[in-house]
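A note on names: the letters A, B, ... follow the listed sequences, proteins ahead of strands, and every chain is numbered from 1.
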Amino acid sequence: MERERAAYRSARARRSLLASTGSTVVVLVVAAVLLVTSPGWPRVRDTWFSWDKAVESFPAVLDGLWLNIRLMVVCAVAIVVLGLTLAVLRTLRGAVFAPLRIFATVYVDLFRGLPLLLVLLLLGFGAPALDLTGLPTSVLFWGATSLVLSYSAYVAEVFRAGIETVHPSQRAAARALGLTYAQSLRFVVLPQAVRRVVPALMNDLVSLQKDSGLVSVLGITDAIRAAQISTAEDFNYTPYVVAGVVFVALTIPMARVADRVSRRRGQGPVGGHL
Amino acid sequence: MERERAAYRSARARRSLLASTGSTVVVLVVAAVLLVTSPGWPRVRDTWFSWDKAVESFPAVLDGLWLNIRLMVVCAVAIVVLGLTLAVLRTLRGAVFAPLRIFATVYVDLFRGLPLLLVLLLLGFGAPALDLTGLPTSVLFWGATSLVLSYSAYVAEVFRAGIETVHPSQRAAARALGLTYAQSLRFVVLPQAVRRVVPALMNDLVSLQKDSGLVSVLGITDAIRAAQISTAEDFNYTPYVVAGVVFVALTIPMARVADRVSRRRGQGPVGGHL
Amino acid sequence: AGLAACGAPRDSSSGTAGGASAGATGSAACDKASLRTVTAGTLTVATDKPVYEPWFSGDDPTNGKGFESAVAYAVAAKLGYDKAEVTWTRVPFDSVVTPGTKAFDLDFNEFSITDERKKAVDFSSGYYDVRQAVVTYQGSPIAGATSVAALASSRLGAQVGTTSLTAITDQVKPSSAPMVYNTNDLAVQALKNKQIDGLVVDLPTAFYVVSAQLDGGVIVGQLPAAGGTPEQFGAVLAKGSPLTACVSSAVDALRADGTLGRLETQWLAGQGAPELK
Amino acid sequence: MTAVPVPVDPEPLAPPVLAVEHLRKAYGDLVVLADVDLEVRRGECVVLIGASGSGKSTLLRCVDLLEQVDDGVVRLEGQDVTDPRVDADAVRARLGIVFQGYNLFPHLSVLDNLTLAPVRVHKVARDEARDRALEALDRVGLREKAGARPDDLSGGQQQRVAIARALVTDPVVLLLDEVTSALDPELVGEVLDLLRELQADGTTMLVNTHEMGFARQVADRVCFLGAGRILEQGPAAQVIDDPQEEPTRRFLARLHG
Amino acid sequence: MTAVPVPVDPEPLAPPVLAVEHLRKAYGDLVVLADVDLEVRRGECVVLIGASGSGKSTLLRCVDLLEQVDDGVVRLEGQDVTDPRVDADAVRARLGIVFQGYNLFPHLSVLDNLTLAPVRVHKVARDEARDRALEALDRVGLREKAGARPDDLSGGQQQRVAIARALVTDPVVLLLDEVTSALDPELVGEVLDLLRELQADGTTMLVNTHEMGFARQVADRVCFLGAGRILEQGPAAQVIDDPQEEPTRRFLARLHG
Ligand SMILES: Nc1ncnc2c1ncn2[C@@H]1O[C@H](COP(=O)(O)OP(=O)(O)OP(=O)(O)O)[C@@H](O)[C@H]1O
Ligand SMILES: Nc1ncnc2c1ncn2[C@@H]1O[C@H](COP(=O)(O)OP(=O)(O)OP(=O)(O)O)[C@@H](O)[C@H]1O
Ligand SMILES: [Mg+2]
Ligand SMILES: [Mg+2]
């Protein structure tokens with residue numbers, strides 16, 4: 001009985017699988033054929049997908065990537081801490097906390113709304129120009145600060161979305177046990193909130209990885225800038241593609257880790273297969 | 001009895017309000033004084049905050065902003081539709097849908113990981129170079145396509161996070177009523193999912209508004225590019241600040257609308273004030 | 001303004017002529033010993049990364065090849081620095097023109113001198129008289145144009161931050177907004193794709209584009225000189241730099257002794273292009 | 001393979017509306033339903049009793065095709081609905097279920113909770129659906145909460161809304177999971193009346209409950225679920241008051257002790 | 001202002017552990033509790049009955065300071081805990097509550113649900129908290145589910161975990177909201193035993209229920225909540241079987257009818 005059903009199901013699955021895989025392959029092949037038979041293809045191939053140029057530019061791009069990675073790692077920690085704080089401030093209730101809420105709201109509106117480039121230019125060139133003793137002049141310092149200011153505003157909103165998905169009865173249950181506001185956040189609300197927004201957080205981490213390259217307006221060379229420099233030699237755009245491949249290669253493992261973190265153990269009690 | 005308690009509560013609220021507002025004001029004043037008394041301030045002020053330059057560059061920046069807004073509006077619609085589709089594909093269960101799931105996952109990994117600049121360059125300069133008849137050559141078309149490809153990957157992840165926060169028992173209840181998979185998505189899962197991730201979606205809309213300016217690498221002038229052009233005349237950076245102010249001014253109403261949309265009516269059944 | 005501190009008024013050096021030997025500028029304040037450079041004893045010269053032909057060669061300013069590299073070494077020599085005493089540094093555009101402490105003494109990167117810009121930075125005397133030229137591909141709608149007016153209905157492009165862009169908006173006044181690119185090579189790419197009809201660049205770059213970057217590219221012609229004063233490239237120095245006067249006098253001296261002219265013929269070949277009416 | 005004989009069969013010729021045969025369902029290693037056989041005839045009200053965790057809710061979910069069964073067959077009006085070729089949505093549309101946790105839709109008002117299925121699945125006109133919904137709310141005494149959100153209702157009010165939601169589509173079989181758990185005696189009485197009314201209208205019911213009083217009053221037949229099987233079944237008077245099997249006896253001992 | 005006289009007071013001199021005076025709570029225009037007066041003495045088990053939506057859950061939440069009251073006083077061991085100067089967290093830590101919807105923490109295992117408060121609030125060592133939690137799970141018969149997630153439990157199992165979670169911190173007063181709604185008769189008996197044991201240990205209890213049988217077996221005193229007031233109170237035998245007031249009589253009519 002069950003064997004028959006299972007056989008039918010797997011036959012159906014196999015059919016759909018074949019159909020969809022088949023159609024995908026067909027579409028891809030048609031697109032590829034269209035591409036390589038187009039009149040401009042040889043030129044495009046040489047300009048964008050030249051193997052020699054890729055090999056030649058790879059070390060420089062990788063070197064630049066090292067900057068992206070370091071900046072990303074250092075900033076990510078600060079961004080998460082600051083973003084979480086802002087999100088918690090924005091979700092405080094009661095008139096007493098109005099100033100904190102307003103502060104967090106203004107902060108988010110401001111630094112999310114401002115183009116990162118402007119923040120970078122203002123801090124990277126404006127702050128050192130003040131000639132204030134005690135203020136660091138390191139370009140990297142100001143670049144990292146700008147990234148943290150800008151991205152913490154984004155991450156705060158993601159965390160806020162997460163916090164607000166946790167049903168108030170969960171918070172009530174935690175408080176009823178005698179946990180303080182902070183403890184119920186720490187042990188009940190945030191663990192649920194964070195897990196739920198992992199895919200959206202991953203978005204910001206991936207963006208950060210790429211946007212960390214914007215610090216190159218301050219004169220440091222990141223992967224994209226390295227590609228640009230390499231392109232300038234002979235007007236071959238392959239280095240950009242190399243940079244893109246390298247970024248994607250970095251994104252994929254991060255995304256898989258995030259998927260694992262956010263995957264709920266099992267599918268809950270009812271109707272997991274629906 | 002209650003009047004006394006209310007009086008105590010509001011007195012406490014007033015005290016905290018005064019204290020926090022006071023300390024905020026003090027911090028801001030100190031920072032402002034430090035700023036304007038710093039040795040470099042006059043030059044920094046002239047370079048970044050010149051009123052005359054602001055007035056002069058404002059029309060051009062506003063003109064550029066028009067491009068950002070049009071691109072944002074047109075692309076946002078396509079992005080939401082495509083993002084939602086991808087998110088739904090990624091959350092399909094069962095072996096039957098494996099190819100669709102894999103397709104959506106690969107799409108997201110690829111277009112989220114690729115720097116938008118590369119996508120823009122490849123499509124904006126590479127695609128027209130193919131000389132394929134039928135393929136549009138409009139820079140705006142390819143710019144918009146790149147934005148849609150890139151941002152739909154981000155938005156898909158946000159929607160996915162939202163979909164996964166809806167407890168499976170909700171889906172079970174919907175299916176139990178006889179609703180199809182699509183109907184339960186449409187009427188039960190997505191309305192709850194979308195409302196929960198509004199702040200994170202707003203993030204992407206705000207980014208889009210700014211990143212739509214990246215289309216300027218293809219030669220069209222957006223707000224930031226207009227600022228850059230104006231800056232090049234006399235090396236005065238005020239136009240960037242003008243662009244920043246204009247962007248923030250655009251963000252704030254969007255954020256307030258989003259807040260209203262996502263605000264739950266009331267605070268749920270238990271412990272709303274906790 | 002601010003030059004008094006240098007003690008070397010601009011005029012005082014203009015009469016100086018002759019050899020490139022150290023101290024020959026005739027002004028005591030402009031010798032190597034008394035110049036207050038960023039790093040004492042060396043002249044730190046900046047440019048962007050990457051840099052392009054024919055102004056530099058192979059993205060390497062230190063090789064003395066390319067017009068601006070050669071001019072930089074000539075100026076250094078005039079000020080008394082030998083080749084080993086010149087240090088190059090790569091500085092992005094924004095960092096050159098925003099206020100703040102500078103990590104260089106002077107910067108060569110095809111900066112056009114304008115009065116507005118002088119409010120933000122110091123310029124040396126001009127070392128090159130710039131003419132803007134229009135480049136296109138064979139068979140384009142503007143390939144045979146002979147007057148500026150004939151360009152009015154075309155779609156032109158230029159690099160952001162250049163006076164080429166100003167030339168389009170002020171002189172050509174085309175009916176469709178100019179396309180603005182981050183770099184000249186992106187603009188060339190757009191021209192190849194026929195996304196623009198023509199590209200406005202300075203004349204030497206135009207020759208380089210036509211010869212090295214475009215198959216079948218043509219120079220439509222030079223734009224007429226705008227207004228009375230000719231456009232010039234000058235070295236950029238920090239606002240109020242004590243070196244400005246000395247660098248200017250060095251440039252003036254190089255112009256006077258014919259060095260600049262020689263370097264132009266060496267590095268910026270093929271000056272002849274029809275003038276657009 | 002040892003089908004438990006149905007001891008009492010008032011109308012032996014009426015075909016069962018719902019038949020469960022050799023049903024098996026496990027979560028990982030935990031076999032919840034080992035081999036369940038159960039028949040429900042048209043118009044009958046069958047009550048399922050059993051210990052907490054014995055699988056009563058799981059059985060209802062399997063019948064409603066909300067869980068994929070591991071083995072065995074569920075037949076609705078003769079049709080094998082566990083066959084993968086069957087359109088499960090159409091099957092579910094013919095069944096009504098009240099979940100133990102109610103599972104109301106928190107983003108919809110009470111009224112919208114009730115009109116969703118009629119409008120979207122049964123293609124009833126919006127106005128008619130609205131009227132029917134209000135009527136169903138009347139039946140459970142909650143017409144004045146039509147505009148409220150589920151989150152603002154008390155436990156008993158939520159349960160009644162869930163009942164109304166299952167009723168409003170006139171299901172062939174109504175599956176009720178602990179349908180009076182949050183109701184006070186007055187409401188239990190009303191729900192009892194309601195179920196009797198429905199029974200009179202010919203609605204077939206399969207009800208989980210742990211309130212023996214309720215079981216006694218509503219059941220045509222009581223089935224005792226234990227060890228993944230229906231261990232005993234018969235009229236309420238027999239199963240509850242005079243259980244034959246040892247596990248049933250143990251289960252019910254407290255009630256009489 | 002018309003305090004209902006407490007008709008039966010076995011030990012008139014013992015001060016009430018919990019006293020509710022003139023309590024008022026409204027949601028917008030809906031006045032749920034108008035003027036509630038209630039006393040619970042040490043070791044006493046008071047059962048609150050009343051129609052669905054009468055405000056039983058709301059009253060328990062107000063007592064546990066989970067809702068801000070509009071007027072009136074709640075006293076715990078003589079202290080006015082509704083005073084805003086009082087540290088509400090410390091008060092809640094002394095109380096235990098089982099919610100009608102259980103409100104287990106879905107991201108934590110059953111064991112972690114039980115050890116959270118002991119470890120974080122009562123600063124019990126982790127090992128000891130674990131031992132106590134397992135002991136509490138034993139009491140509700142769920143030791144083998146210690147590692148499971150709440151979502152994978154049946155309704156009755158979830159309810160028992162919620163009871164264990166409230167027990168594990170030895171609360172001064174235990175607030176139980178429909179504590180047997182999802183339990184089968186066997187477990188109801190066990191929970192009854194458990195409550196009696198706790199009572200013997202001196203635990204004071206305030207219990208909402210709509211199961212009169214349960215109320216009769218566990219209550220020292222039964223209070224009937226209606227129209228936002230305690231309309232009648234006294235021993236179970238009196239209030240349930242021989243109600244004096246008209247609303248109580250109407251409410252209970254079905255039970256005997
Ligand atoms: N999603 C799941 N994953 C793992 N085990 C589960 C899952 N759902 C239910 N179970 C287990 O299956 C058993 C039966 O659960 P079910 O909900 O059917 O019991 P029940 O008879 O309805 O109990 P109650 O009377 O307490 O509601 C329980 O032991 C439960 O822990
Ligand atoms: N957050 C809220 N907003 C508005 N109304 C509410 C809210 N919570 C409860 N109510 C209303 O207050 C009344 C009392 O609710 P409560 O949950 O206290 O009832 P109850 O006596 O516990 O009922 P039950 O026996 O059904 O659990 C109900 O009419 C309910 O609709
Ligand atoms: Mg159950
Ligand atoms: Mg209640």
> Is chain C contacted by the side chain of Ile229(A), its backbone, both, or neither, given a heavy-atom distance below 4.5 Å?
Replying inline: both

> How far apart are the closest heavy atoms of Tyr237(A) and Asp185(C), and which atoms are they?
Replying inline: OH-O, 3.5 Å

>> Under the rule for side chain to side chain donor-acceptor pair (under 3.5 Å), what residues qualify as partners of Arg43(A), not counting sequence neighbours?
In response: none

> For Lys65(C), does the NZ atom have more than 12 heavy-atom neighbours from other residues, nucleotides or ligands under 6.0 Å away?
Replying inline: no

> Which of the residues Asn182(C), Leu186(C), Asp59(C) is involved in the greatest number of heavy-atom pairs with chain A at under 4.5 angstrom?
Replying inline: Leu186(C)

> Can you name the nearest heavy-atom pair linking Ala129(A) to Pro99(C), along with the distance?
Replying inline: CB-O, 3.2 Å

> In terms of heavy-atom proximity below 4.5 Å to chain A, should Asn193(C) be classed as side chain, backbone, both, or neither?
Replying inline: side chain

> In Å, rounded to the nearest 0.5 Å, how long is the span from NZ of Lys49(C) to OG1 of Thr221(A)?
Replying inline: 7.0 Å

> Is the shortest heavy-atom distance from the side chain of Thr98(C) to the side chain of Leu121(A) under 4.5 Å?
Replying inline: no

> Counting a contact as any heavy-atom pair under 4.5 Å apart, which residues of residues 51-85 of chain A contact chain C?
Replying inline: none

> Contact part of Glu53(C) toward chain A, heavy-atom cut-off under 4.5 Å: side chain, backbone, both or neither?
Replying inline: neither

